[in-house]
Number of protein chains: 2
Amino acid sequence: MTAPRTHGPRERMVFAAAQLIRRDGVGATGMRDVAARAEAPRGSLQHYFPGGKEQLVNEAVTWAGRYAGKRIDRYLAALPEPTPGALFAAMTKQWIDEFEATGFGTGCPVAAATVDSTASTPSAREATATAFASWSTPLTAALTTLDVPPTRAPALATLMISTLEGAILLSRAQESTTPLMTVTKELTPLLNASTTP
Amino acid sequence: MTAPRTHGPRERMVFAAAQLIRRDGVGATGMRDVAARAEAPRGSLQHYFPGGKEQLVNEAVTWAGRYAGKRIDRYLAALPEPTPGALFAAMTKQWIDEFEATGFGTGCPVAAATVDSTASTPSAREATATAFASWSTPLTAALTTLDVPPTRAPALATLMISTLEGAILLSRAQESTTPLMTVTKELTPLLNASTTP
DNA sequence: TGCGCTCTATGACGGCCGTCATAATACTGG
DNA sequence: CCAGTATTATGACGGCCGTCATAGAGCGCA
């Protein structure tokens with residue numbers, strides 16, 4: 001049994017694809033670029049992804065969705081004061097920090113895939129749907145943990161993800177973290193008012 | 001003075017570009033497609049847009065922003081009950097209706113340009129910023145008309161646009177208007193509570 | 001040692017893209 | 001009618017893309 005390296009070439013390519021997609025969009029991301037970025041041999045692309053670019057992109061998007069979902073649990077565990085508003089602030093803070101650290105060149109890969117290939121590639125659209133689902137599901141669970149009524153939690157999760165995604169767009173467009181900070185400030189009272197103590 | 005036709009070929013090309021961009025993204029939108037869609041001669045592209053695709057895309061994005069801004073005023077004038085929540089509902093309703101009528105194949109061209117060319121094309125990023133601005137400015141003005149304090153109105157405008165853009169993404173991804181309806185329902189109380197009667 | 005499987009290497013192919021060069025045509029003002 | 005500008009027409013060029021074909025390594029196992 002070959003002890004699997006922590007990150008084999010295949011995983012690296014999926015990760016690299018997600019990185020490039022979130023910066024340049026799906027269309028402008030080339031297979032050759034992905035291989036180079038992953039420091040993986042170009043010949044491995046057709047070996048690991050016989051479905052071609054479509055498969056690679058879909059896996060990258062799916063991976064990104066799962067990644068976002070896992071972060072929710074981590075945030076929830078690390079909240080100083082466990083309120084829905086604080087959870088949302090943790091989500092936006094991640095993006096604020098990243099924008100401040102590395103600039104506004106990179107956004108959300110799921111959003112990029114939604115915009116670029118919803119109309120043209122049915123399987124990609126499915127991938128974005130499942131990605132948002134694997135983000136929304138843990139978020140909904142986290143909200144119920146924070147005393148949000150189960151009937152309300154899914155709606156608030158949708159609201160939080162929508163607002164965050166939109167604020168990411170605005171922040172990138174105007175190269176400022178202000179939109180992210182603004183929506184956090186404005187949404188916090190609403191979120192915190194939704195608990196049943 | 002040449003009485004200008006209501007829609008000259010140049011305008012048609014800008015409009016067609018916006019249409020294609022919002023469906024396929026910037027990268028997947030070809031110049032030849034734009035000319036064909038606009039029923040305009042291909043040779044006119046380099047004549048009206050010597051700056052090439054970059055110029056055409058930027059104009060399409062700018063146009064889309066102004067279009068969105070004008071719609072705000074129209075909505076405001078047509079509101080049955082003039083409240084911020086009702087205004088937001090009118091904005092989301094437009095998208096709900098469009099999705100139900102023509103499917104989920106088309107989104108917001110400004111969002112598409114933001115995702116596709118923020119990192120690669122500085123002038124395009126500027127175009128998205130001004131587009132969002134020409135959307136946000138009339139919205140802020142409309143909110144103050146609706147008795148939102150001037151200090152609060154810009155923040156609420158940012159919140160509304162962010163949430164709407166994100167909900168458009170989610171709706172396209174899961175091919176359902178539910179996200180748009182959900183965020184409307186959840187945000188309305190907050191918006192209406194922000195007025196000073 | 002030799003077979004077989006996984007993985008890599010590399011070049012070629014066809015296609016589409018944005019752009020340019022070069023005209024021909026339409027239209028306006030004199 | 002003529003000159004000149006605005007517009008349109010069309011083909012070509014170089015470049016990048018995703019994909020395929022083909023062959024070559026590396027390696028476990030009998």
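Note on naming: letters A, B, ... go to the chains in the order of the sequence lines (proteins, then strands), and numbering restarts at 1 for each one.
A sub-4.0 Å separation between OP1 or OP2 of D/dT7 and a side-chain N or O of B/S44 is absent. Close to C/dT6, at under 4.0 Å from its OP1 or OP2, lies no side-chain N or O of A/Y48.
Looking at A/P9 and A/Y48, their side chains come closer than 4.5 Å, going by heavy atoms from C-beta outward.
For the residue pair A/T184/A/T92, the side-chain donor-acceptor check at 3.5 Å is satisfied. When only modelled atom types and interatomic distance are considered, A/T163 and B/T163 share a side-chain donor-acceptor pair under 3.5 Å. Between B/E54 and B/S123, the side chains place a donor N or O and an acceptor N or O closer than 3.5 Å (distance only, hydrogens not considered).
Atom CZ in B/R10 sits about 16 Å away from atom C1' in D/dT8, given to the nearest Å. In this entry the distance linking CG of A/L45 with C1' of C/dA9 reads 12 Å, nearest Å. Taking atom CG on A/D24 and atom P on D/dC17, their separation rounds to 11 Å, with Å as the unit. Remark: P of C/dG18 and CG of B/L56 are 10 Å apart, rounded to the nearest angstrom. Across the protein-nucleic acid pair, A/H47 atom NE2 and D/dT19 atom P stand 17 Å apart, rounded to whole Å.
Applying the salt bridge (Lys or Arg N to Asp or Glu O under 4.0 Å) test to every pair with at least one member in residues 147-174 of chain A, sequence neighbours left out, gives these pairs: A/R152-B/E186. Residue pairs meeting the salt bridge (Lys or Arg N to Asp or Glu O under 4.0 Å) criterion with at least one partner in residues 105-122 of chain B, sequence neighbours excluded, are absent.
Considering only the side chain of A/Q46, D/dA21 comes nearest among D/dA21, D/dT10, C/dG18.
Listed in residue order, the members of residues 30-43 of chain A having a heavy atom less than 4.0 Å from DNA chain D are A/G30, A/M31, A/R32, A/D33, A/R42.
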